[in-house]
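The shown structure was predicted, so the numbers you read here are calculated from the model rather than taken from an experiment.
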Amino acid sequence: MAKVYLETSVISYLASAPSRDIIVAAHQQITRDWRDYRRKRFELVTSGEVVNEISDGDPVEAQRRLELVGGISLLAADESALELAKLLVATRTIPKKASTDALHIAIAAVNGIDFLLTWNCKHLANANIRRKIDETCVSAGAPSVVICTPDQLMEDE
């Protein structure tokens, strides 16, 4: 069974009230559809870093987000993940201001996760930097991870 790392934006979209922004609302619905119809085909994982991020903000909203990851295996940011995250930033594959995004990639890669699911299209699910992310991971001895949005991980029946 393929493994999917749930990144912060996916959890946030699942937990939040429907947005009035039509694009965000569409992403929320796609995310819910993925959860309702496709997630059972995958083993879900996340990380302590995601738990830290979703714990911030309004306590009621944070609790709703935390409930969504209850029972999901947590991956640790071990030394190899921290080193790969530093490399992703040092090579300017990921900007320094987005070092948390580098850590998400690194945790998923060093743990051999098949997919990193995200709505962060600026630094993660971005076709312009995909090749550089893959090259950096492979050069460091880690497998590449497919970074995608929930709609990209929906298959036809």
Side-chain angles (χ1 to χ4, degrees), residues 2-16 19 21 23-32 34-35 38-39 42-58 61-62 64-70 72-154:
K3 293 183 181 179
V4 174
Y5 177 102
L6 297 179
E7 185 266 339
T8 310
S9 60
V10 172
I11 308 295
S12 295
Y13 275 17
L14 285 171
S16 60
S19 175
D21 178 300
I23 302 296
V24 174
H27 289 173
Q28 289 173 318
Q29 187 58 53
I30 290 166
T31 305
R32 288 182 180 107
W34 182 85
R35 176 198 59 198
R38 298 292 185 244
R39 76 173 290 242
F42 303 98
E43 180 181 339
L44 303 183
V45 298
T46 194
S47 69
E49 186 60 38
V50 169
V51 171
N52 291 339
E53 289 179 316
I54 65 175
S55 297
D56 286 341
D58 178 84
E61 299 280 329
R64 189 175 306 135
R65 291 187 295 267
L66 288 166
E67 287 171 4
L68 288 169
V69 298
I72 295 177
S73 297
L74 294 180
L75 303 174
D78 64 11
E79 190 60 37
S80 58
L82 295 172
E83 288 301 316
L84 180 54
K86 287 179 192 172
L87 182 62
L88 286 162
V89 172
T91 58
R92 297 184 181 182
T93 302
I94 302 294
K96 187 175 184 176
K97 67 182 180 182
S99 58
T100 300
D101 296 334
L103 189 55
H104 291 306
I105 295 166
I107 292 169
V110 301
N111 283 284
I113 302 305
D114 301 291
F115 301 99
L116 189 159
L117 201 63
T118 184
W119 280 109
N120 177 340
C121 296
K122 186 168 187 175
H123 301 122
L124 295 175
N126 180 323
N128 290 317
I129 62 171
R130 272 298 321 148
R131 185 182 345 232
K132 185 71 172 161
I133 291 170
D134 289 343
E135 289 171 359
T136 304
C137 288
V138 171
S139 74
S144 61
V145 57
V146 176
I147 302 171
C148 59
T149 59
D151 58 332
Q152 294 171 324
L153 201 53
M154 297 278 274

ask   = Under a 4.5 Å cut-off applied to non-hydrogen side-chain atoms, are Val138 and Pro143 in contact?
value = no

To the nearest 0.5 Å, atom CG of Leu68 lies from atom OG of Ser12 at 9.5 Å

Any Thr46 side-chain heavy atom under 4.5 Å of Leu74 side chain:
yes

Closest heavy-atom pair, Leu14 versus Arg35, reported as atoms and distance to 0.1 Å, is CD2-NH1, 3.8 Å

For the pair Trp34 and Leu117, evaluate side chain to side chain contact (heavy atoms under 4.5 Å, CB included) and give the outcome as yes or no after the intermediate values. CA-CA 11 Å; Trp34 182 85; Leu117 201 63; 3.8 Å; yes

CD1 (Ile129) and SG (Cys121) are apart, to the nearest 0.5 Å, by 10.5 Å

When rounded to the nearest 0.5 Å, the distance separating CG of Leu103 from OG of Ser47 is 6.5 Å

Shortest non-hydrogen pair, Ser55 vs Leu66, comes out as OG-CD2, 3.6 Å

With sequence neighbours left out, the residues meeting ring-ring contact (aromatic ring centres under 6.0 Å, His included) with His27 are Trp119

- Query: Tell me, do Ile147 and Thr118 make a side-chain contact under 4.5 Å, heavy atoms counted?
  - Reply: yes

Residues Val69, Arg65; criterion side chain to side chain contact (heavy atoms under 4.5 Å, CB included); working and verdict: CA-CA 7 Å; Val69 298; Arg65 291 187 295 267; over 6 Å; no

Taken in chain and number order and not counting sequence neighbours, the residues that satisfy salt bridge (charged side-chain N to carboxylate O under 4.0 Å, His left out) with Lys86 are Glu83

Rounded to the nearest 0.5 Å, the CG atom of Asp114 sits from the OG atom of Ser144 at a distance of 10.5 Å

Contacts of Glu61 meeting salt bridge (charged side-chain N to carboxylate O under 4.0 Å, His left out) (sequence neighbours excluded), chain-then-number -> Arg64

Nearest heavy-atom approach of Ala85 to Ala102 is O-CB, 3.7 Å

Here the gap from Lys3 atom NZ to Leu75 atom CG, rounded to the nearest 0.5 Å, amounts to 7.5 Å

Of all heavy-atom pairs linking Leu124 and Asp101, the shortest is CD2-O, 3.6 Å

The side chain to side chain donor-acceptor pair (under 3.5 Å) partners of Gln152 (sequence neighbours excluded) come to Thr149

Q) Quick one: are Leu153 and Phe42 in side-chain contact, heavy atoms under 4.5 Å? A) yes

request  = For the pair Gln28 and Ser19, evaluate side chain to side chain donor-acceptor pair (under 3.5 Å) and give the outcome as yes or no after the intermediate values.
outcome  = CA-CA 8 Å; Gln28 289 173 318; Ser19 175; 5.0 Å; no

Taken in chain and number order and not counting sequence neighbours, the residues that satisfy salt bridge (charged side-chain N to carboxylate O under 4.0 Å, His left out) with Arg130 are Asp134

Thr91 and Thr93 have their tightest heavy-atom pair at OG1-OG1, 2.8 Å

Between the OG atom in Ser9 and the CD1 atom in Ile54, the distance rounded to the nearest 0.5 Å is 11.5 Å

Residues 83-113 vs ring pair (Phe, Tyr, Trp, His ring centres under 6.0 Å), sequence neighbours excluded, gives Tyr5-His104

Can Val50 and Leu6 be said to form a side chain to side chain contact (heavy atoms under 4.5 Å, CB included), step by step? CA-CA 8 Å; Val50 169; Leu6 297 179; over 6 Å; no

Smallest heavy-atom separation, Asp78 atom then Ser80 atom, equals OD1-OG, 2.9 Å

Above 12 or not: heavy atoms from other molecules or residues under 6.0 Å from CZ of Arg32? yes

*asked:* Applying side chain to side chain contact (heavy atoms under 4.5 Å, CB included) to Ile133 and Ile105, what does each step give before you reach the verdict?
replied: CA-CA 8 Å; Ile133 291 170; Ile105 295 166; 3.8 Å; yes

